Structures are given as C-alpha cells and as structure tokens.
Amino acid sequence: MSPASSELSEQEQRRREEREALEQRGVAPYPYAWDVDAHADEILDTFDDDLHQPADGDVGEYKVSIAGRITGLRVMGGSAFFDLQDETGTIQVYVRSQDLGEDFYDEVFTELFDIGDIVGVEGFVFRTGMGEVTVRAAADFQLLAKALRPLPVVKETDEETYYEVTDKEFRYRQRYVDLAVNEDVREVFRQRSELISTMRRFLDDRGCLEVETPVLQPVYGGASASPFKTHHNALDMPLYLRIADELYLKRLLVGGFEGVYEIGKDFRNEGLSRFHNPEFTMMECYVAYKDYRWMMDLTEELLRTVATTLHDTSTVEFEGHKIDLGGNWARVPFFEAIQKETGIDLYGADADRVYDVAANELGLEEVDADMGLGDLLDEVFSETVEPELVQPTFVTDYPVALSPLAKKHREKEGLVERFELVVAGREVANAFSELNDPQDQRERFVAQARQRAAEVDEDVDPESLIDEDYLRALEYGMPPAAGLGIGIDRLAMILTGQESIRDVILFPLLRPEQ
RNA sequence: AGGCUCGUAGCUCAACCUGGUAGAGCAACGGACUCUUAAUCCGUGAGCUGAGGGUUCGAAUCCCUCCGGGCCUACCA
C-alpha cells in the first residue's frame, strides 16, 4: 500500500521520480548483491598507522570494495566527496567525473543519487590534501538501494554535533532511522549484544546447558505479577505468557540436568515506566548441589567478566556515580540493612508492628493496615534501604513471606536463603537456595494463593494458582540447588549508561500512532 | 490511572509570556565550482502550526476536549 502522491512530501515525490529515471536509464535501483571486502574502521585503522601510509601517488595497490549509506555529500563541479557509513563507521569517498565517465557522473551520480541511498564503491585508498584517508571510486560505483524517504542529516565536527535527531517518539517509533543516524545508539545495542553473548559464554564454560522452556503456559508462576492472557484455538484453552522461567527450569533439575540456564523474554501486564517494559529479557540459571553463598561468588565473577569485556575496566559511570563491579561486594542481611538505615530492628516483628513503624515512625505513605507482612517489609526496604545502595551490594536473608520459592535459612528463624544484588539503587539480580521440600513448597503456595486472593477481589480460585505439576516434580526429588535471575535490560542500562529502559530495548512498546 | 510538560516544513529549532499575513539553519530544487569535510557562493520552492471545538474583528499564541510523547507519582516479589 503506497500513499497517494498528494500525501507525499516534495522530497518523497522527487525521490520516486528519480527512481523512475534510474530504471529508464537501465540502472537498477535495487540490485541483488555487492562483494564487500573492507569496512570503514579497518581502512581507517590500517592507514592511520604511519607504517602503512602509501607514498604519494602510490595508491594503486590499496584497492578496496566497500558498501554503505551516503550520509553527507559535497559536490564541487566535476568532483565530489561523500561520507559512506557502514556498520563499523564512516569513511569519505572521492568521486571524479574523469574516473567515472561524464555521462554517469553528470546524469546519474549528481542527479539521481541522494543522501540516504545505499551504494557500493570499488576503488583505491589514498590520503587527501587535508590528510583524510579516503577511498577514490575508480573501479566501480553502484547504487545498491534507492532511499525513497529523505534521511535526516546530522552534521558534526570534532567538537559538536548539529541537527542531531533527538525526538524520543521519532527515535522509538522509527528505530531504524535512529540507528542509521545516531552512532552512539548503535553502540549501545552492540554492547547489549556483547553483554548477552559474554554471559552465555560464561555459563557455557561452567558446564551449564542452555535450554528453552515454554513461553505459553497453562499456569503461570515463579513471580508475582499480572500476566498476559491468551487463548489456544485448537485446544480451546486459556494460556498465559510466562512471567518467569523459574518453575520450568527447576523441573529440569529434577530430570537430571545439573546446570541449566535460559535467556529469554518474560511478559508482565503492568504499567510502563522508564524501568518497566511489558516484555523484557531475563537470564535465569539453576545449578544443582550449590547454595546461595556459592551463587554470590558466581554472580560477582559473572558481572565482573561482563563489565570488563565491555569496557576493559570493571568501573562504569552511571547517573553521576562511579560504580565498581570488580572486587568483592558488600553482603548485608535484609534486617540489618533496614536497621542500619532506620535504626529500627524489624526482625521477628509481626505485620501490625511493621505497619506501625512504616506508617508512623518512618512516615511512609504507601502502606495500609491490611497489607501482608511481606508487602510491608518490602515497602520499608525499597523506600529506606534500596536507594542508598549505589555500589553493588548483596542484600541477604529475606523474610519468608517475601520469598515463596526460597529455602528456609539453615540458622535464622523466619528467614530464607536469598539474596538480591542492588546496584545504583535498583535490583539487578535475585537468587536463592532453591526450595526443594515439596511439603514446604505446597504450604507456601497455599499461603501465597490465599494472600493473593485476599488482595485481589477478583473471582479467582486460589487453588487454580497452584502449579500442581511443579509440586509433583518436586515430589520426585529435586537436588539442592542455587538459582539466579538477572534482569538483562536493567543490567544493560547500567553498563551502557542509559537512564531509560526504552534506550536499551530496540523496539519498546508505544501506543499506536494516530 | 493522577500531576507537570511538550507537539510548528523531511530534520533541528524560532515566533507563544504580551493575539495582528509563520521564520531560520540543514535537507530539497535551479545555477557556479575537479582535494571538500557543518564545503562555499547566488537564486527558488516548501506548512491544515497533532486533531476538534470555544473566546475574539483577528488564534501557532488565550480557554476546553481528545490524540501522541517525555518526566514524576501510582501499579509493580
């Protein structure tokens, strides 16, 4: 479906006419392939080294074939320079009428090629009078894809950038343009990709098996969040998009795999914010015969490896803080952390007492008297402690009420063996010694279901929220195990210095246009 | 969902407070120019000012509603 020509901008109409003109001259506007044998960065690197500089005029042996988008164009009569941008960077190309032939130069190149078009250039590397390493199009110069829409033109000097495309809506809706035009955005997503591949390699090297578990689930679980509901037609059954991978991955430990992990999308039907996208990427990893202390060490090593792979240093700059992901991180028990911030020890306190402290002594506005103990403690923690933890900190030993899938603490009554990693005031990782006692697990599920049914007065049958098959699996025996979950998007934010989750997700969810 | 804020040419912005024919740079188009690089120089065209309503002799500007974005709050293991 193409828009009526009356709706097209002047420049769009113009480019469609150029496409016609190209075809009439026998120039294919969309040919099939181009042999690329060099990229901008390698050419620039090679010739930046004095040892590799060709002698004056001795350029014939440095033949390259490159391809990319025209991002700037300077025509001076019978010769012209343009900037060619490929995945690795931008290199200048020099074209001359006498190299290409007058017909092609005057009637095709200067008339019918535009900024935004994708071209292939075969020519020779040389250094201009101003010292810039440049490719002189001599052997071949072809259009590879005609752009029918004008590409925003960003100009820059070494010091400053002009006309930068900054409109967030434009950038998110037309991410392809954002990427084409903003080098630093490409870099963020390159780093995100490297983050994931480094993590995958790290886990593979430690003998973990990458697996895939269902996204479509008849019973959702493993976290507390609203799911997306869908329906399978042939089976005529309701299904949910998973909110966590946990319960399926642990079934695999029952099956005999000793280390499994999955990197994939979870879906939560909740609000959007600069920390929340409805679909987001989680890494979850489970290792048999280990506990949460072992997992803390692994987490330290994993994040240090990822940070140094991306940045050659374990220190990253985020929201004005220097954050050091190297070394050993502070480990602070949950209630000690609260006591340290507020001076109040809530260990062993009941819901009434916590409510009293939260509402009256701490003045928290978002608590009310019928909240459960877990939610109250969570509220106190996230209001008083979490924002203060800038450097990576393991918060350990959470109350049972907050953690229905974690094993009870081997020493401390009422606590579980769990840690969250907090960096820059945000939860980055969550882990525990996994609960593998099926009776205990059933009791926790029941308590959780009751709590949920009490809070949400929808006509949900609490029993339907219990994953009976998971309990059946545990009854066959799951080895003691440590589990870890890392929110990839939030980690990517910290490692790439982005303050909105939308800036580390290629296509964040937006309302439809118009 | 609530509060604040923004939406003007293909892109980046001005004009809005204090109502009076909507302007600049880039991009585009015509011309000059065979080492330019924010190329330069001369000239030209380009807009339902997010949409709809109101106030007014007159609305980009003031008011209301709606649509979309951003930030904050709420929701959020």
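What you see is a predicted model; the values in this text were computed from it and never measured. We name chains A, B, ... by the order of the sequence lines, and we start the count at 1 in each one.
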Could you tell me the separation between the [atom1] atom of [X] and the [atom2] atom of [N], rounded to a whole number of Å?
| X | N | atom1 | atom2 | result |
| --- | --- | --- | --- | --- |
| A:Ile115 | B:rG10 | CD1 | P | 17 Å |
| A:Tyr163 | B:rG25 | OH | P | 8 Å |
| A:Ile501 | B:rC71 | CD1 | P | 12 Å |
| A:Asn277 | B:rG70 | CG | P | 11 Å |
| A:Glu383 | B:rU73 | CD | P | 9 Å |
| A:Asp106 | B:rC33 | CG | C1' | 13 Å |
| A:Arg149 | B:rA28 | CZ | C1' | 16 Å |
| A:Leu73 | B:rA38 | CG | C1' | 14 Å |

Per the atom types in the model, does the base of [N] pair as donor or acceptor with the side chain of [X] at under 3.5 Å?
| X | N | result |
| --- | --- | --- |
| A:Glu132 | B:rU36 | no |
| A:Ser97 | B:rU34 | no |
| A:Gln11 | B:rA27 | yes |
| A:Glu10 | B:rG45 | yes |

Quick test of your reading of the model: are [X] and [Y] salt-bridged, counting only N-O distances below 4.0 Å?
| X | Y | result |
| --- | --- | --- |
| A:Glu319 | A:Arg426 | yes |
| A:Glu246 | A:Lys250 | yes |
| A:Asp503 | A:Lys168 | yes |
| A:Arg353 | A:Asp350 | no |
| A:Asp467 | A:Arg251 | yes |
| A:Glu12 | A:Arg15 | no |

Counting just side-chain N and O atoms, does [X] come under 4.0 Å of either OP1 or OP2 of [N]?
| X | N | result |
| --- | --- | --- |
| A:Thr166 | B:rC13 | yes |
| A:Arg74 | B:rA39 | yes |
| A:Lys168 | B:rG68 | no |
| A:Arg511 | B:rC67 | no |
| A:Lys155 | B:rA39 | yes |
| A:Arg15 | B:rG10 | no |
| A:Arg502 | B:rG70 | yes |
| A:Arg173 | B:rG69 | yes |

Say you pick atom [atom1] in [N] and the same atom in [M]; how far apart are they, in whole Å?
| N | M | atom1 | answer |
| --- | --- | --- | --- |
| B:rC62 | B:rC16 | C1' | 10 Å |
| B:rU8 | B:rA22 | C1' | 8 Å |
| B:rU5 | B:rC64 | P | 11 Å |
| B:rG52 | B:rU12 | C1' | 29 Å |
| B:rU55 | B:rA38 | C1' | 46 Å |
| B:rG19 | B:rU56 | C1' | 9 Å |
| B:rG43 | B:rU36 | C1' | 23 Å |
| B:rA39 | B:rA1 | P | 45 Å |

Look at all strands and tell whether [X] reaches a base, only sugar-phosphate, or nothing, counting heavy atoms closer than 4.0 Å.
| X | value |
| --- | --- |
| A:Tyr94 | base |
| A:Arg96 | base |
| A:Glu18 | sugar-phosphate |
| A:Val181 | nothing |
| A:Glu156 | sugar-phosphate |
| A:Glu164 | sugar-phosphate |

Which one, [options], comes nearest to the side chain of [X]?
| X | options | result |
| --- | --- | --- |
| A:Glu270 | B:rU34, B:rC75, B:rG69 | B:rC75 |
| A:Thr128 | B:rC35, B:rC11, B:rC76 | B:rC35 |
| A:Val153 | B:rA27, B:rU36, B:rA38 | B:rA27 |

Need to verify one output field. Residue with the more 5' nearest nucleotide on RNA chain B, A:Phe82 or A:Asn430?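 The 5'-side residue here is A:Phe82.
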
Please compare A:Val165 and A:Leu510 by the position of their nearest nucleotide in RNA chain B and report the one closer to 5'.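 Closest to the 5' end, via its nearest nucleotide, is A:Val165.
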
Regarding A:Arg418 and the six-membered ring of A:Tyr398, is the cationic atom NZ or CZ under 6.0 Å from the ring centre and inside 45° of its axis?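 That pair qualifies as a cation-pi contact.
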
So which nucleotide does [N] pair with, by the Watson-Crick or G-U wobble rule with both distances under 3.5 Å?
| N | value |
| --- | --- |
| B:rG19 | none |
| B:rG43 | B:rC29 |
| B:rA14 | none |
| B:rU37 | none |
| B:rC75 | none |
| B:rC4 | B:rG70 |

Return yes if some donor-acceptor pair links the side-chain N/O of A:Thr161 with the main-chain N/O of A:Glu164 below 3.5 Å, else return no.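 Not confirmed, A:Thr161 side chain does not pair with A:Glu164 backbone.
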
Taking the six-membered ring for Trp, are A:Phe141 and A:Tyr94 closer than 6.0 Å centroid to centroid?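 Ring centres of A:Tyr94 and A:Phe141 not closer than 6.0 Å.
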
